[in-house]
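A quick note: this is a predicted structure, and the numbers were derived from the prediction, not measured.
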Amino acid sequence: MTPATPVPAPAAPVAVPVHRRVADLAAAHIGSWQQGYLQDRPQAVAALARLRRGAGREAGQMPDLWGLIDTDPLHTRPDNTRPLGEVELVRAENALHAACTLWAFHQQSRTTPMHRRHSRERPGGLGAAVRRLMPADGTDEPARKRLVRAGTAPDLVTLAQRLRDIVALLRRDDIPLDYALLAGQLYAWQWPDGPATVRRAWGRSFHEQRQTRPASDENTTPDSE
């Protein structure tokens, strides 16, 4: 009698890191708001107006935003994943608030998407966006110093305020940013050694952006994410 072939056990689901959950939730929220705003849907236009008033401010400071940024997915427990602790939840919600409100400030009165996902061909990190503020044949020292100053912020509220100054320049020049990536970085920032890790990521992003911007890199088509 031939022995039965053992059936391999199904692979256990891979737990999603918290910073990735924050980034994915930011992408879902901002993607939906952005699409609605670009299509001039009243609900999305009203949401953006409320959100932008919270840019650079502490999350709990704006009762008007309570319930607008849905954080319920952070309170659910995906398969094979432990529930988030209280400190993780607070820091995830703070990061989500900062990223969403900065995007709203960036997107205001703009007819092209200011949130655009990062790719190798079109780097979307903060450092790459700041590099695009500069001339191809030189360095804009004030812009570079703003990035450095943001990297030395002592806490998340100060960081969000300094990022708002950078976003104002990006908005002026219609330069998009990956706000999902930023949300994950803002979550990581709040942990020990997090600021150093995020600063390195911004530095790599700065050097990743090519000095000459090809025509295909222009922000000309709406993106639902």
Side-chain angles (χ1 to χ4, degrees), residues 12-34 44 47-48 50-107 114-118 124-127 129 150-164 166-167 177-202 205 224-225:
V14 178
V16 179
V18 181
H19 78 275
R20 173 53 57 192
R21 292 179 62 182
V22 172
D24 290 345
L25 188 54
H29 283 332
I30 294 173
S32 176
W33 286 323
Q34 180 167 267
L48 185 140
R50 291 167 61 189
L51 285 164
R52 68 181 175 82
R53 290 194 290 270
R57 302 178 69 176
E58 192 172 355
Q61 228 179 339
M62 300 290 296
D64 185 47
L65 299 186
W66 296 351
L68 180 59
I69 303 175
D70 182 12
T71 60
D72 283 351
L74 295 174
H75 294 262
T76 62
R77 182 177 178 179
D79 293 340
N80 201 39
T81 302
R82 62 173 177 78
L84 299 186
E86 183 63 25
V87 173
E88 291 173 311
L89 283 170
V90 169
R91 291 177 177 178
E93 290 170 354
N94 287 343
L96 191 63
H97 168 88
C100 289
T101 55
L102 285 168
W103 162 77
F105 173 66
H106 196 168
Q107 186 64 60
M114 294 295 102
H115 163 60
R116 190 188 69 196
R117 297 308 302 266
H118 166 84
L126 182 65
T152 59
D155 53 60
L156 186 63
V157 174
T158 305
L159 174 59
Q161 292 167 349
R162 294 178 182 181
L163 289 177
R164 190 181 187 279
I166 293 175
V167 168
L177 183 64
D178 186 341
Y179 279 94
L181 175 62
L182 181 64
Q185 291 172 338
L186 293 178
Y187 174 78
W189 178 277
Q190 299 170 79
W191 294 93
D193 299 325
T197 300
V198 173
R199 282 194 297 267
R200 286 194 296 270
W202 290 347
S205 176
S224 61
E225 289 188 329

Gly151 versus Arg199, closest heavy-atom pair with distance | O-NH1, 2.7 Å

Compare every heavy atom of Leu181 with every heavy atom of Gly125, then report the nearest pair and how far apart it is.
-> CA-CD2, 3.8 Å

Between Ser32 (side chain) and His29 (backbone), is there a donor-acceptor pair under 3.5 Å?
-> no

Any side-chain heavy-atom pair from Val18 and Arg91 closer than 4.5 angstrom?
-> no

In terms of heavy-atom contacts, Leu25 and Pro73 come closest through CD1-CG, 3.7 Å

About how many Å separate CG of Leu65 and SG of Cys100, when rounded to the nearest 0.5 Å?
-> 9.5 Å

Does the side chain of Arg116 come within less than 4.5 Å of His118's, by heavy atoms?
-> no

Any side-chain heavy-atom pair from Met114 and Leu177 closer than 4.5 angstrom?
-> no

Backbone N/O of Gly31 and side chain of His115: donor-acceptor pair under 3.5 Å = no

Nearest-0.5 Å distance, OG1 of residue Thr101 to CZ of residue Arg53 | 12.0 Å

Ile69 side chain near His97 side chain, heavy-atom distance below 4.5 Å | yes

For Ala183 and Ala95, the nearest pair of non-hydrogen atoms, with its separation, is O-CB, 3.5 Å

Within the side chain of His106, is there an N or O that forms a donor-acceptor pair under 3.5 Å with the backbone of Val167?
-> no

Apply the test side chain to side chain contact (heavy atoms under 4.5 Å, CB included) to residues Thr158 and Arg162: give CA-CA distance (whole Å), side-chain angles for both, the deciding distance (0.1 Å), then the verdict.
-> CA-CA 6 Å; Thr158 305; Arg162 294 178 182 181; 3.5 Å; yes

What's the spacing between Leu74 CG and Leu84 CG if we round to 0.5 Å?
-> 6.5 Å

Correct closest heavy-atom pair for Ile166 and Ala150 would be CD1-CB, 4.1 Å

Does the side chain of Trp189 reach to within under 4.5 Å of the side chain of Asn94, using non-hydrogen atoms?
-> no

Sorted by chain and number, sequence neighbours left out, salt bridge (charged side-chain N to carboxylate O under 4.0 Å, His left out) with Asp155 holds for none

Using the test side chain to side chain contact (heavy atoms under 4.5 Å, CB included), find all partners of Leu48 that sit at least two apart in sequence or belong to another chain.
-> Tyr37, Arg52, Trp103, Ala104, Gln107, Gln108

In chain order, what residues pass the side chain to side chain contact (heavy atoms under 4.5 Å, CB included) check against Ala188, with sequence neighbours excluded?
-> Val198

Nearest 0.5 Å, what's the CD1-CG distance between Ile30 and Asp178?
-> 9.0 Å

Find out whether Leu163 and Leu186 are in side-chain contact, i.e. whether some heavy atom of one side chain is under 4.5 Å from a heavy atom of the other.
-> yes

For Arg164 and Arg57, run side chain to side chain contact (heavy atoms under 4.5 Å, CB included): C-alpha distance rounded to whole Å, both residues' side-chain angles, the deciding distance at 0.1 Å, then the answer.
-> CA-CA 10 Å; Arg164 190 181 187 279; Arg57 302 178 69 176; over 6 Å; no

CD (Glu88) and CH2 (Trp191) are apart, to the nearest 0.5 Å, by 5.0 Å

Would you give the length of the straight line joining atom OH of Tyr179 to atom CG of Leu126, rounded to the nearest 0.5 angstrom?
-> 8.5 Å

What are the two closest non-hydrogen atoms of Arg117 and Ala27, and how far apart are they?
-> NH1-CB, 3.4 Å

